[in-house]
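Contents: one structure, followed by commentary.
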There are 2 protein chains.
Amino acid sequence: MPDRKARRLSRERVVEAGLDLINQKSVDAVTMRSLAQALGVTPMALYNHFGGKRDLLRAIAEHVIGRVEFDAGHPDWQGQIRHCFRTLRTICLEHPGLPRLLEIEGAAPPSVFTPMEVAAAALERAGLNELDSLRTFYVLVGFTLSQASYQTFRVGPRVELAAPWDFDASFEYGLELIITGVEATAARKGR
Amino acid sequence: MPDRKARRLSRERVVEAGLDLINQKSVDAVTMRSLAQALGVTPMALYNHFGGKRDLLRAIAEHVIGRVEFDAGHPDWQGQIRHCFRTLRTICLEHPGLPRLLEIEGAAPPSVFTPMEVAAAALERAGLNELDSLRTFYVLVGFTLSQASYQTFRVGPRVELAAPWDFDASFEYGLELIITGVEATAARKGR
DNA sequence: ACCTGAACACCGTTCAAGT
DNA sequence: ACCTGAACACCGTTCAAGT
């Protein structure tokens with residue numbers, strides 16, 4: 001039973017209703033019509049606050065990312081990187097379909113690049129130049145989002161394993177693998 | 001001007017028409033209706049050969065992946081890994097939207113896991129156990145698909161750089177970073 | 001076995017009209 | 001400035017009918 005009180009519409013209210021829909025169903029469940037119904041309003045009313053569905057989805061993505069603190073002020077760059085991408089993964093798992101929102105729909109723009117600044121700064125502390133830091137950021141963000149997608153859609157390997165696939169352990173392994181790669185790359189350059 | 005000859009329909013003909021549509025427009029352009037029109041047939045005719053759109057998209061993905069040789073018989077595992085994921089990236093760039101097909105739609109199933117076997121074998125040669133090889137495979141495949149997606153949608157960093165973003169160099173850098181990470185991880189375990 | 005035609009229950013979005 | 005109602009041009013899919 002959504003709140004149908006015909007209060008005034010606002011970007012904020014629409015975004016929150018959209019987020020509820022994503023959390024309880026999926027990102028595909030967010031249609032202009034279903035969203036309007038949840039708000040007790042006509043689909044066309046949404047167009048007074050958003051340019052279109054693209055704009056709306058982008059606003060939802062920004063809302064989610066904007067609420068999070070990616071910078072934990074860790075003294076070592078490895079800790080900073082771990083915190084940053086564990087956090088990104090966590091919010092992706094909380095909101096199924098968010099990776100798709102961030103990766104594809106063109107909804108990504110400014111928001112995904114909040115973690116970029118903190119991650120890039122940490123990587124430069126590791127000894128990478130600006131360009132290589134950005135490249136490494138893309139490795140990390142692509143890895144994190146795809147792992148979250150696989151987990152959401154329960155895509156595990158098609159081979160028979162002794163134990164069920166452990167998505168948490170798989171993520172941590174990959175994260176350490178990349179960090180190790182950065183360390184080795186930086187050491188190689190440094191000498 | 002598509003070939004409208006009312007030849008007999010077949011899975012093969014439908015898949016190839018679908019692939020043409022992906023290549024010339026995008027994966028969103030593949031609708032049951034547009035595909036039927038391109039084949040000079042009624043949308044419902046497709047349902048005699050496919051269970052539904054999901055099944056159809058999956059068949060297209062399998063067709064693309066199945067035609068490719070991921071195993072180049074390189075003597076060293078690094079060369080094998082490079083070949084495998086450069087190849088995966090190449091076919092993703094040739095068919096815009098293929099990453100989305102492979103990552104999300106549930107179209108992925110058996111086909112994406114052809115490169116898995118050859119990559120996992122190479123990684124075990126590098127000194128990883130079976131579980132860690134699979135985990136590393138997921139790092140590589142997530143990285144490769146996301147990089148191809150970013151390139152297709154021209155998502156580069158939002159900061160001002162001296163030169164335009166070089167997607168090829170960025171991919172190669174990430175690939176070497178991960179390989180370096182594998183080497184360091186294996187060396188650490190080995191001792 | 002294979003294909004058609006009409007219909008159903010959806011989409012995002014435009015446009016003219018109301019207040 | 002904000003919202004409604006009707007309409008347009010799309011979707012995937014079901015179902016009954018043809019051959």
Side-chain angles (χ1 to χ4, degrees), chain A residues 2-22 24-61 96-97 100-101 104-109 153, chain B residues 2-22 24-61 96-97 100-101 104-109 153:
Chain A
D3 180 18
R4 305 256 173 142
K5 286 202 176 165
R7 283 185 284 147
R8 207 59 171 312
L9 224 50
S10 67
R11 279 181 74 95
E12 173 108 343
R13 281 192 64 215
V14 176
V15 164
E16 273 167 8
L19 200 50
D20 282 354
L21 228 43
I22 290 185
Q24 286 161 27
K25 303 196 171 178
S26 80
V27 70
D28 292 316
V30 181
T31 70
M32 302 303 270
R33 293 171 132 96
S34 65
L35 196 48
Q37 196 183 12
L39 288 160
V41 96
T42 275
M44 284 315 301
L46 303 175
Y47 285 83
N48 290 315
H49 303 272
F50 299 91
K53 196 183 181 183
R54 252 189 137 64
D55 183 32
L56 201 157
L57 290 176
R58 177 199 297 232
I60 295 178
R100 205 188 327 171
L101 226 57
I104 295 173
E105 310 280 357
F153 293 103
Chain B
D3 181 18
R4 305 253 172 142
K5 285 202 175 168
R7 282 186 283 147
R8 207 60 170 310
L9 225 48
S10 67
R11 280 181 74 94
E12 172 108 345
R13 282 192 64 216
V14 176
V15 163
E16 275 168 6
L19 201 50
D20 282 354
L21 228 44
I22 289 185
Q24 286 162 27
K25 301 196 172 178
S26 80
V27 70
D28 291 316
V30 181
T31 70
M32 301 304 269
R33 294 171 131 96
S34 65
L35 197 48
Q37 196 183 13
L39 288 159
V41 95
T42 276
M44 284 316 300
L46 304 174
Y47 286 82
N48 290 314
H49 303 272
F50 300 91
K53 197 184 180 182
R54 253 190 135 64
D55 182 31
L56 201 157
L57 290 176
R58 177 200 297 233
I60 294 177
R100 203 188 332 171
L101 225 57
I104 296 173
E105 309 281 356
F153 293 102

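Computed from heavy atoms alone, side chains included, the values below leave out hydrogens, waters and symmetry copies. All chains are named by letter (A, B, ...) in the order of the sequence lines, taking the proteins before the strands, and each is independently numbered beginning at 1. Just so we're clear, the structure is a prediction, and the values are computed from it rather than from any experiment.
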What is the distance from [atom1] of [X] to [atom2] of [N], rounded to the nearest Å?
X       : N      : atom1 : atom2 : value
A/Asn48 : C/dT14 : CG    : P     : 13 Å
A/Arg13 : D/dC2  : CZ    : P     : 14 Å
B/Leu56 : D/dT13 : CG    : C1'   : 14 Å
A/Met44 : D/dA1  : CE    : P     : 16 Å
A/Leu46 : D/dG5  : CG    : P     : 14 Å
A/Asp28 : D/dC11 : CG    : P     : 17 Å
A/Gln37 : D/dT4  : CD    : P     : 13 Å
A/Leu57 : C/dG12 : CG    : C1'   : 12 Å

Measure the [atom1]-[atom2] distance between [X] and [Y] for me, rounded to the nearest 0.5 Å.
X       : Y       : atom1 : atom2 : answer
A/Met32 : A/Leu35 : CE    : CG    : 7.5 Å
A/Lys25 : A/Asp20 : NZ    : CG    : 12.0 Å
B/Leu46 : B/Arg11 : CG    : CZ    : 11.5 Å
A/Leu21 : A/Ile60 : CG    : CD1   : 8.5 Å

Can you tell me which nucleotide in [options] comes closest to the side chain of [X]?
X       : options               : value
B/Thr42 : C/dG5, C/dC2, C/dG12  : C/dG5
B/Arg8  : D/dC2, C/dC3, C/dT13  : C/dC3
B/Lys53 : D/dT13, D/dC3, C/dT13 : D/dT13

Should stems be defined as at least three consecutive Watson-Crick or G-U pairs with both distances under 3.5 angstrom, which of them involve DNA chain C?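 Only these stems qualify: C:4-8 with D:12-16, C:12-16 with D:4-8.
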Within the distance-only criterion (no hydrogens, no angle test), does the side chain of A/Ser26 pair as donor or acceptor with the backbone N or O of A/Asp28 below 3.5 angstrom?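 Between the backbone of A/Asp28 and the side chain of A/Ser26 there is a qualifying donor-acceptor contact (under 3.5 Å).
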Keeping A/Ser10 on the side-chain end and A/Arg13 on the backbone end, is there a donor-acceptor pair under 3.5 Å?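 Yes: the side chain of A/Ser10 pairs with the backbone of A/Arg13.
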Any idea which heavy atoms bring B/Gly18 and B/Val30 closest together, and the distance?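 The answer is O-CG2, 3.8 Å.
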Which sits closer to the 5' end of DNA chain D, A/Arg33 or A/Val41, going by the nucleotide each is nearest to?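 Going by which nucleotide is closer to the 5' end, it is A/Val41.
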Contact class for A/Met32 (heavy atom, under 4.0 Å): base, sugar-phosphate, or nothing?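 The answer is sugar-phosphate, as A/Met32 gets under 4.0 Å only of primed atoms, P, OP1 or OP2.
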Ignoring backbone atoms, test whether [X] places a side-chain nitrogen or oxygen under 4.0 Å from the OP1 or OP2 oxygen of [N].
X       : N      : value
A/Thr31 : C/dC11 : yes
A/His49 : D/dA1  : no
B/Tyr47 : D/dT14 : no

